[in-house]
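The structure appears below as structure tokens.
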Amino acid sequence: MPAAEVRSPRGNTVARQAIFQSLEQREPLLLELTLGGHDYSAALLAVLEWLAAQPEDELATQSSPRRLVIACANQQSARRLIDTTLPLLQQKVNSNLSVAYLAEHGGYLCTHRWFGAAMRRTSGELTAEQARGLAKLRLWTHETLQGDRSELTLLQQEITAWDRISSDFEQKRSVDERFDKTYQRCTYRRKGYCFVSLAEDRVKAAQIVVTTHAGLFDDLSLKQPLLASIDRRLILDADLIEEENIRWGGSEFDQLRVLRVLNTIGAELADGRYQGLLALAAPSLRENGPGGLSTTPTVPKSELDQRLLQWFQTLRQARMAVGRLFLAFSGLVDDSVQQGGRDKGRSDGQQRSHPRGHERPDQPLRLTGSIRHLSAWNEVEQAWQQASQRLRTVIDLANEAEKSILSKQNNRRRADQGSGEDTSVASELVAAAYQLTEQLQMVQQAMSLGESNFVYWLRMPPTPLAASQQHVARKASEPGSSMISIDPAPILYSQLIHTSSMLKRLLFKDQASNIFAGTSLSVDGSFAFARQRLGLEQESVAVCSATAEHQEQTLIYLPNDVPEPNAPQYQRHLDDALVNLATALDGQVVALFTSHAALRSTYTAIKPILEARNILVLGQGADGSPRQLWQVFQSQERVVLLGTGSFWDNADEIVRSPACLFIARLPMPVLNDPPLAARAEQYSDQLHQLTVPMATLRVRRAIDRFMWGDNKRNAVVLFDRRVTSKEYGATVLHSLPRCSQRQGAASLMPEAMLDWLTGEGAWEEDHS
């Protein structure tokens, strides 16, 4: 079918026709719905109608009803869809289609782990955050019916508590036969208490399966995917799916995380006792042991035989090798900083000194062939050879211990093999070995410095460790010893460069209807950028754009007398403009920044001035999370919010939209960030083929989300003179739905805003 672009102010009719054709013909569709408030009702109503209207002849030839997968950007959106949106829409079309939720890997409580070894203190004392997280989990387990992680609100520091009892490896059972064996022999599964099994049963019976982007990738990447049999998919927020796929395909090699896994397997304590899974399973692992598990969380040396003592020695050597590897990584980062300083000194006539003390710039070091010239690289290679050898030995011993435990259990001929904690210990050892294997594969690929579809880089932790975290780091690095440095070490990251090939492999293996619905998919009337990102280069892919016009609702104000963002005095002009605007509007302003540093600078400058005028200023990070800030904004009138990062793309349900959205500068991607740099290298014209389209789509998405959820009159300020001074500014403006526009001095902006907000009708672009 030739590509056809259809635009409609209402959208429902053209969207419905395009969706029906995609579902019937099993063809992909790019569906842009810029109707305000991220409203996908037009798409959802159409798919509900199609599902409910199964013809008689189709029923006669098919053994099951029509089915559909709906993938949302995140868990909150998925829950809102299931609990609120779908029930209301089903009433409208008079349908009663069954709906089930499928969580991401690790998204369910594993009862086997909850009542098994994962809850034993196998890796030392719990932190206060872990203890608080486990306390929340204990209360939640008495109430939950589905064991779904999305029912919980855990702080970032409490997530490790969830990791101890999550279902990650049960859901991944097709990738390793030992995971499947553990799952099959689990007593809780056989007796109907396995949340993963119950969720899968609900999914198999449902006509509509709701999941997240990551949940869809998780399932379709398995050898036996649960969702593969459903060949119709509606992917909401498709303008975010590439970024989600990049995150999903990435990984981290973090010193504390690796040491935590090693300590969970086993560690010698300062008092001469031993802890961890090996200590817990010592009675089963000793050559002449009685079997079963130790009754205490730690065991003395007298309870270990020579093989166990050798295993603990192997673990100690592995921890030391890991510590040396991360010290070598630190040396490589330092060497790169010094080399950069020397190069800059030669170019500008001054010598840069090495950062003082432990100060390291938060600059990433990309691992490419060019770093071989750094003197520290040889040390990194040697440290990696030793660390990889030690870690492979640990993997072998963990697998051997698992076999030994299960063999001893079988010899005891228990009637119910899945009821003992020793089975849980065995599965925990397999899980630890699997985690280390994945880490080794990632680092091995990074260290090869070869070309691949991944980019690898080192970066120091974003902020210095707090005193409590340093204490945790000290205990994690080497229990009872200070031989390993606990200074913050670089983290090794990996990310996909291009996702189109992976998206093709996951979503287009068989002929299927993949409807990509988003609020910002076209740039200046073209879908070429979205096609390329999603692996839909074929011109035959159908596109449909339903866009509402807002010339009587929204004024876009373009200050034309301010410096460009990188010019001197820009920050002063920005702060003054925000103060004057917020004062005139009595708050009701949401300002978006492209970096935390820029946000903090403005926050520091305007907060005392505006709060002296009884206007509350809240900054993301400084005063809470985006969710907390929005809750305050909904309940109070005189508020200004400053946001960045996730504020651009995600927000909870907005009950009260701001009177003004202030965009400090175009959100151009930073091309010195390794993943974006690697992506940009694939383009001959990076500005027009990558950075401008990305910035344009992000601006369009933010405006649709924040400003058009209701009919209230509002305004948008693009405080970036490049929109009018650079030729690519026209691309940005032409990509937005039709609004009233006005260019003028920043000093006249507050008065113009008040005139607009209290007036009626549209303003022509040349209105003065």
Side-chain angles (χ1 to χ4, degrees), residues 110-123 167-170 172-191 194 261-268 274-316 318 390-438:
C110 173
T111 44
H112 194 176
R113 301 190 76 196
W114 178 255
F115 293 110
M119 290 301 291
R120 300 283 288 270
R121 293 187 182 180
T122 54
S123 56
S167 60
D168 192 28
F169 298 102
E170 286 79 1
K172 286 181 179 176
R173 58 186 182 275
S174 67
V175 305
D176 191 312
E177 64 177 10
R178 290 171 301 176
F179 296 154
D180 187 56
K181 289 178 179 178
T182 298
Y183 176 78
Q184 295 301 332
R185 63 174 170 252
C186 174
T187 297
Y188 301 102
R189 182 194 63 82
R190 294 203 303 269
K191 294 186 176 181
C194 174
V261 174
L262 294 175
N263 288 343
T264 298
I265 297 173
E268 180 182 0
Y274 295 80
Q275 72 176 18
L277 295 168
L278 296 183
L280 197 59
S284 286
L285 293 171
R286 292 202 306 268
E287 186 175 346
N288 298 314
L293 298 182
S294 170
T295 57
T296 59
T298 63
V299 299
K301 186 175 183 178
S302 59
E303 293 190 17
L304 308 178
D305 62 13
Q306 191 57 42
R307 181 179 66 166
L308 274 169
L309 288 172
Q310 180 60 45
W311 281 353
F312 279 105
Q313 177 66 16
T314 298
L315 284 160
R316 186 173 187 276
R390 299 293 192 194
L391 290 173
R392 286 189 177 90
T393 304
V394 170
I395 293 169
D396 292 340
L397 75 84
N399 289 329
E400 185 179 346
E402 181 249 0
K403 293 177 183 176
S404 179
I405 293 170
L406 295 180
S407 175
K408 188 68 68 73
Q409 184 194 60
N410 290 335
N411 291 338
R412 292 199 306 275
R413 297 180 180 178
R414 289 187 175 181
D416 191 351
Q417 294 182 7
S419 62
E421 272 193 74
D422 42 3
T423 302
S424 180
V425 172
S427 63
E428 292 296 315
L429 285 165
V430 172
Y434 182 84
Q435 291 180 65
L436 291 177
T437 300
E438 283 192 316

Quiz prompt | Stepwise side-chain contact (heavy atoms from CB on, under 4.5 Å) check, L280 with V299 | solution = CA-CA 8 Å; L280 197 59; V299 299; over 6 Å; no
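- A side-chain donor-acceptor contact under 3.5 Å links R173 to the backbone of E170.
- Residues that satisfy the salt bridge (charged side-chain N to carboxylate O under 4.0 Å, His left out) test with E400, not counting sequence neighbours, are R307.
- Counting only distance, with no hydrogens or angles, the side chain of R178 and the backbone of S427 share no donor-acceptor pair below 3.5 Å.
- Atom CZ of R390 sits about 11.5 Å away from atom CG of L315, to the nearest 0.5 Å.
- Residues V394 and A318 come closest through the heavy atom pair CG2-CB, 3.7 Å.
- Residue T314 holds its OG1 atom at 10.0 Å from CG of D396, rounded to the nearest 0.5 Å.
- Legend: residues meeting ring pair (Phe, Tyr, Trp, His ring centres under 6.0 Å) with F169, ordered by chain and number and at least two apart, are F179, Y434.
- Looking at V430 and T182, their side chains never come closer than 4.5 Å, going by heavy atoms from C-beta outward.
- Between T423 and R185 the shortest side-chain heavy-atom distance falls below 4.5 Å.
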- [ ] Decide yes or no on side-chain contact (heavy atoms from CB on, under 4.5 Å) for L309 and Y274, but give the supporting numbers first.
- [x] CA-CA 10 Å; L309 288 172; Y274 295 80; 3.7 Å; yes
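- Looking at K172 and D176, their side chains never come closer than 4.5 Å, going by heavy atoms from C-beta outward.
- Pairing each heavy atom of L406 with each of A426, the nearest pair is CD2-CB, 3.9 Å.
- To the nearest 0.5 angstrom, T264 atom OG1 is 8.5 Å from Q435 atom CD.
- Atom OG in S294 sits 12.5 Å away from atom CG in L278 (nearest 0.5 Å).
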Note to self: With side-chain contact (heavy atoms from CB on, under 4.5 Å) as the criterion, how do R113 and E428 come out once you've worked through the C-alpha distance, each side chain's angles and the decisive distance to 0.1 Å?
What the structure shows: CA-CA 8 Å; R113 301 190 76 196; E428 292 296 315; 2.6 Å; yes
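- Contact check for I395 versus N399: side-chain heavy atoms found under the 4.5 Å cut-off.
- In this structure, OH in Y183 is found 11.5 Å from OG in S174, a value given to the nearest 0.5 Å.
- Listed for the T437 side chain is a donor-acceptor partner under 3.5 Å among the backbone atoms of A433.
- Taking the side chain as every heavy atom from C-beta outward, F115 and Y188 approach each other to under 4.5 Å.
- Evaluation of the salt bridge (Lys or Arg N to Asp or Glu O under 4.0 Å) test over residues 285-301, restricted to residues two or more places apart or in two chains, returns none.
- Annotation: side chain of L285 is not in contact with side chain of L304 (no heavy-atom distance under 4.5 Å).
- A281 and L293 make their closest contact through CA-CD2, 3.9 Å (heavy atoms, listed as atom of the first residue, atom of the second, distance).
- For S284 (side chain) and G292 (main-chain N/O), a donor-acceptor pair under 3.5 Å exists by modelled atom type.
- With rounding to the nearest 0.5 angstrom, the CG atom of L397 is 12.5 Å from the CD atom of E402.
- When side chains are defined from C-beta on, S424 counts as touching H112, because their heavy atoms get closer than 4.5 Å.
- Heavy-atom minimum distance, F312 versus A267: CE2-N, 3.4 Å.
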